[in-house]
2 protein chains.
Amino acid sequence: MKIPTACVARGRPREFDTDKALAAALSVFWAKGYEGASMADLTEAMGITKPSLYAAFGNKEALFTKALDLYQREKLAYVSEALKAPTARGVAEHFLRGALEIYSGEKCRGCLTVIGASACGDEAEGIREEVVARGAAAKQALLERFERAKQDGDLPANVDPQGLAAYLTAVLQGMSVQAGAGASRSELEQLVEICLATWPGA
Amino acid sequence: MKIPTACVARGRPREFDTDKALAAALSVFWAKGYEGASMADLTEAMGITKPSLYAAFGNKEALFTKALDLYQREKLAYVSEALKAPTARGVAEHFLRGALEIYSGEKCRGCLTVIGASACGDEAEGIREEVVARGAAAKQALLERFERAKQDGDLPANVDPQGLAAYLTAVLQGMSVQAGAGASRSELEQLVEICLATWPGA
DNA sequence: GGTTATATATACCGAACGTTATGAAAATTC
DNA sequence: GAATTTTCATAACGTTCGGTATATATAACC
């Protein structure tokens with residue numbers, strides 16, 4: 001009994017590593033945004049030609065979506081990790097310190113989700129909606145975590161979980177904006193400290 | 001003795017109001033960002049043709065700069081107003097409520113300064129630097145105000161004015177991002193309330 | 001009225017954009 | 001080894017971009 005060999009590659013084998021190429025594409029999108037990254041920028045960074053890119057990834061929009069998946073999987077892993085913290089303050093601390101680590105990188109500064117959510121040309125509207133939807137999902141997860149925290153008596157009675165989720169999200173987004181504007185890591189760190197020092201209920 | 005009449009218009013008079021045209025251009029830039037706003041978008045909204053635009057405003061970059069001036073003069077007037085508040089908390093409150101008013105507009109959402117600071121194509125790098133510089137100036141003014149507040153004993157001894165300025169700026173920037181992502185006014189308002197409720201020293 | 005100066009409208013420019021047709025190269029299958 | 005299938009490299013596609021040349025219209029000056 002033989003396993004059918006139809007699954008092995010049939011034609012000429014691909015000469016590049018799609019994972020490495022996708023990682024390179026992510027760097028370009030991260031640094032320049034969706035519209036700011038031209039196909040020429042992408043193919044140069046990925047080390048492949050345009051037909052190879054189209055054959056492997058579909059088109060620019062599909063490439064961006066795949067890069068966004070990679071970004072969430074690798075760089076935003078701290079998000080799901082932070083939600084597991086035992087207290088609301090612990091969640092906030094994990095969020096802020098994790099974001100600080102990612103946003104203040106050497107080459108890519110800020111958060112791809114925030115960069116991609118910026119208003120740009122009409123043809124990128126679909127991209128914007130996609131990015132905004134993913135951001136909204138993260139904010140929703142944070143809201144549910146804070147609602148649970150309030151039930152646990154982990155938050156003062158007068159604080160609104162919805163507002164708190166929007167507030168923490170805003171601080172993170174603002175951190176991304178400042179990182180993109182060239183703020184140093186220590187400047188962002190001060191920001192984190194203030195936010196933690198004034199966290200409701202200690 | 002006659003005043004020389006050389007100052008009156010000599011050729012064919014302009015058929016449009018440059019102030020109104022600039023206001024229309026500002027709306028387009030505000031909604032779509034610098035690169036997202038095409039010359040076709042701009043001329044249509046301004047109700048003039050491309051040669052008229054170039055004759056009156058120079059080029060796209062100069063038009064954006066003039067629109068940015070108008071934006072700061074008209075929409076960001078609350079900034080200099082807020083800095084005059086007697087206490088640091090009052091400054092923050094004026095800032096947050098003023099921003100809430102501007103960012104949650106009907107057509108244009110978020111802050112043009114935050115939108116313009118987003119990474120985009122290489123040729124818009126000059127624009128980005130200009131916008132970032134203006135944002136840095138505002139942050140600097142806030143820093144100086146908080147330093148004075150600390151001297152006045154208006155802030156707890158353990159808070160760092162630099163961090164506090166970066167922190168408040170971040171909340172405002174985050175508010176802009178969420179407004180741009182479609183957050184309702186009440187959502188932004190909750191955010192403001194949390195920030196004020198947790199403001200250092202009450 | 002003739003001259004001069006400015007504004008308008010149409011049409012066009014070269015460059016860059018995302019995308020694809022075309023043919024040669026390299027692997028498997030028979 | 002011939003047929004087949006997929007990838008690669010070059011070059012081109014049509015469109016849109018920001019910006020302009022040209023010609024005509026409309027005002028003030030003399």
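Lettering of chains follows the sequences in order, A, B, ..., and the numbering in each one begins at 1. Keep in mind that this is a model prediction, so the values were computed, not measured.
Taking 4.5 Å as the limit, every side-chain heavy atom of B:Asp160 sits out of range of all side-chain heavy atoms of B:Phe146. Counting only heavy atoms from C-beta outward, the side chains of A:Met46 and A:Asp17 never approach each other to under 4.5 Å.
Note on A:Glu93 versus A:Arg89: salt bridge recorded, some NZ/NE/NH1/NH2 to OD/OE distance being below 4.0 Å. A salt bridge is defined here as a Lys NZ or Arg NE, NH1 or NH2 lying under 4.0 Å from an Asp or Glu carboxylate O, and A:Arg128 with A:Asp122 fails to meet this definition.
In this structure, CZ of A:Arg10 is placed 6 Å from C1' of D:dT5, rounded to the nearest angstrom. Distance B:Glu44 CD to C:dA9 C1': 17 Å, rounded to the nearest Å. As a whole-Å value, the separation of B:Leu53 CG from D:dT20 P is 12 Å. Computed from coordinates, the B:Asp122 CG to D:dG18 P distance equals 16 Å when rounded to whole Å.
Checked against A:Arg97 for a salt bridge (Lys or Arg N to Asp or Glu O under 4.0 Å), the options A:Glu81, A:Glu189, A:Glu193 give a single hit: A:Glu193.
More than 12 heavy atoms of other residues, nucleotides or ligands shown are found within 6.0 angstrom of NZ on B:Lys139. By the 6.0 Å contact criterion, CD on B:Glu123 is enclosed, its count of non-hydrogen atoms from other residues, nucleotides or ligands being greater than 12.
Side-chain N/O atoms of B:Ser52 include one lying less than 4.0 angstrom from OP1 or OP2 on C:dT8.
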Give each protein N/O atom lying under 3.5 Å from an N/O atom of nucleotides 17-20 of chain C, with the pair distance.
residue : atom : partner : partner atom : Å
C:dG18  : OP1  : A:Lys60 : NZ           : 2.7
C:dG18  : OP2  : A:Met39 : N            : 2.7
C:dT19  : OP2  : A:Tyr54 : OH           : 2.6
C:dT19  : OP2  : A:Lys60 : N            : 3.2
C:dT19  : O5'  : A:Tyr54 : OH           : 3.0
C:dT19  : O4   : A:Lys50 : NZ           : 2.7

Restricting both atoms to N or O, compile the protein contacts to nucleotides 23-26 of chain C shorter than 3.5 Å, with distance only.
residue : atom : partner : partner atom : Å
C:dA25  : N3   : A:Arg12 : NH1          : 3.1

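For the pair A:Lys60 and A:Tyr34, the cation sits on the ring face: its NZ or CZ lies under 6.0 Å from the ring centre, inside 45° of the axis.
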